[in-house]
Protein chains: 2
Amino acid sequence: MDVPSHPMTAHVDCRGVSEILGRIGDKWTVLVVMSLNEQPRRFNDIKRRVGGISQQMLTRTLKMLERDGMVARDVRDTTPPQVEYRLTELGRSLADPVNQLGAWANANLAAINGNRTRYDMRNADAG
Amino acid sequence: MDVPSHPMTAHVDCRGVSEILGRIGDKWTVLVVMSLNEQPRRFNDIKRRVGGISQQMLTRTLKMLERDGMVARDVRDTTPPQVEYRLTELGRSLADPVNQLGAWANANLAAINGNRTRYDMRNADAG
DNA sequence: CAGAATCCACCAGGATACTG
DNA sequence: CAGTATCCTGGTGGATTCTG
């Protein structure tokens, strides 16, 4: 069971964090998960909710989530076809730590942005 | 300060998660933070602890963290120079949600990998 | 509606060489 | 030791076209 060459394998939870960020740390995955966490949705419904995502990326993201067993795909064979996506138990369980991160973000993003601005102002003229 | 064009701005914590993943969701940031969460460390000490990171990326990562106010840089002007990095209060506070994510990862990565394998096997021949 | 396929741009990130 | 500067590649992700 070799994790290809991920760093800090000595520290177990470090590897875990690194692994999981490699999976959900992309631009859209958590947004899709969070939209599905509210309720099952169909393709274009998700696309509308997660504004700005291309159809290509939504397809890819859903496929990866399905592959990981985070999302289930229910097809109703009508015309036009209706495909509904829903979180599995695994997918729902991810929402908890993600929301923790969201809470931290909302509590600290303003401070971080302030830090950035000050840092940039200091290094603008002073170098 | 305009957040360039991040999706789902209507849902506050969604934007927060997206924002924060844009900052810490890269390949090295959390690993550096976690290594500094144990104790303050110097440049090459971090580099050794976070195996596999290039010196270039460590430089960048530390600079971004310093810019965000997550890491403080203490320079002792000796020869050779000694530079120690430590987490700020903000940086330490990030460790909590990150560890939550790590716990989730360690609890579920095996299942996810299993799901992947099964998914790939199903779609290998069956298409 | 729910995708598949293709093309393309950008940039994260690695490698290397150089510096004070 | 603690960086900086430069070059380069692979992959992420956007846009567009086509299909059942």
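Note: hydrogens, waters and symmetry copies are ignored here, and every other heavy atom, side chains too, is used. Letters A, B, ... mirror the listed sequences (proteins, then strands); counts begin at 1. None of the values given here were measured: they were computed from a predicted structure.
- The shortest distance between the side-chain N/O atoms of A:Tyr85 and the OP1/OP2 oxygens of C:dG3 is below 4.0 Å.
- The phosphate of C:dC1 has neither OP1 nor OP2 within less than 4.0 Å of any side-chain N or O from A:Lys47.
- Annotation: side chain of B:Glu38 is in contact with side chain of B:Arg49 (closest heavy-atom distance under 4.5 Å).
- One end of the helix from C:dC1-D:dG20 to C:dG20-D:dC1 points its axis 40° away from the other end's axis, with each axis taken from 5 pairs and the angle rounded to 10°.
- Residue contacts for B:Arg73: at a heavy-atom cut-off of 4.0 Å it reaches the sugar-phosphate backbone alone, with no base atom in range.
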Could you list the donor-acceptor pairs under 3.5 angstrom formed between side-chain atoms of residues 84-94 of chain A and any protein atom two or more places apart in sequence or on another chain?
{"from": "A:Tyr85", "atom 1": "OH", "to": "A:Arg73", "atom 2": "NE", "distance (Å)": "3.3"}
{"from": "A:Arg86", "atom 1": "NE", "to": "A:Asp74", "atom 2": "OD2", "distance (Å)": "2.8"}
{"from": "A:Thr88", "atom 1": "OG1", "to": "A:Gly69", "atom 2": "O", "distance (Å)": "2.6"}
{"from": "A:Thr88", "atom 1": "OG1", "to": "A:Met70", "atom 2": "O", "distance (Å)": "3.2"}
{"from": "A:Thr88", "atom 1": "OG1", "to": "A:Leu90", "atom 2": "N", "distance (Å)": "3.3"}
{"from": "A:Thr88", "atom 1": "OG1", "to": "A:Gly91", "atom 2": "N", "distance (Å)": "3.2"}
{"from": "A:Glu89", "atom 1": "OE1", "to": "A:Arg92", "atom 2": "NH2", "distance (Å)": "2.8"}
{"from": "A:Arg92", "atom 1": "NH1", "to": "A:Leu87", "atom 2": "O", "distance (Å)": "3.2"}
{"from": "A:Ser93", "atom 1": "OG", "to": "A:Leu90", "atom 2": "O", "distance (Å)": "2.6"}
{"from": "A:Ser93", "atom 1": "OG", "to": "B:Trp104", "atom 2": "NE1", "distance (Å)": "2.9"}

Pull out every protein N or O sitting under 3.5 Å from an N or O of nucleotides 6-9 of chain C, one pair per line with the distance.
{"from": "C:dT6", "atom 1": "O4", "to": "A:Gln56", "atom 2": "NE2", "distance (Å)": "2.5"}

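- Distance A:Leu21 CG to D:dT12 P: 14 Å, rounded to the nearest Å.
- Looking at the side chain of A:Arg42, the nearest of the listed nucleotides C:dG13, C:dC1, D:dC1 is C:dC1.
- Distance from the side chain of B:Val83 is smallest to D:dA2 among C:dG3, D:dA2, C:dC1.
- Checked against D:dG14, D:dC1, C:dG14, the side chain of A:Ser54 finds its nearest nucleotide in D:dG14.
- Proximity of A:Lys63 to the phosphate of C:dA4: a side-chain N or O atom is located under 4.0 Å from OP1 or OP2.
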Using the 3.5 Å cut-off, write out each protein N or O paired with an N or O of nucleotides 17-20 of chain C and the distance between them.
{"from": "C:dA17", "atom 1": "N6", "to": "B:Gln55", "atom 2": "NE2", "distance (Å)": "3.2"}

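- Not counting sequence neighbours, the partners of A:Asp45 by the side-chain hydrogen bond (donor to acceptor under 3.5 Å, both in side chains) test are A:Arg41.
- Sorted by first and then second residue, the salt bridge (charged side-chain N to carboxylate O under 4.0 Å, His left out) pairs involving residues 96-117 of chain B (not counting sequence neighbours) are A:Asp68-B:Arg116.
- Rounded to whole Å, the distance from CE on B:Met64 to P on C:dG13 is 10 Å.
- Within 4.0 Å of B:Thr59, counting heavy atoms only, lies at least one base atom of the nucleic acid.
- Checked options A:Asn115, A:Thr117, A:Asp120; the residue passing with B:Arg67 is A:Asp120 (criterion: side chain to side chain donor-acceptor pair (under 3.5 Å)).
- Computed from coordinates, the A:Ile53 CD1 to D:dT12 C1' distance equals 12 Å when rounded to whole Å.
- Between B:Arg23 and B:Glu19 there is a salt bridge, with a side-chain nitrogen of the basic residue lying less than 4.0 Å from a carboxylate oxygen of the acidic one.
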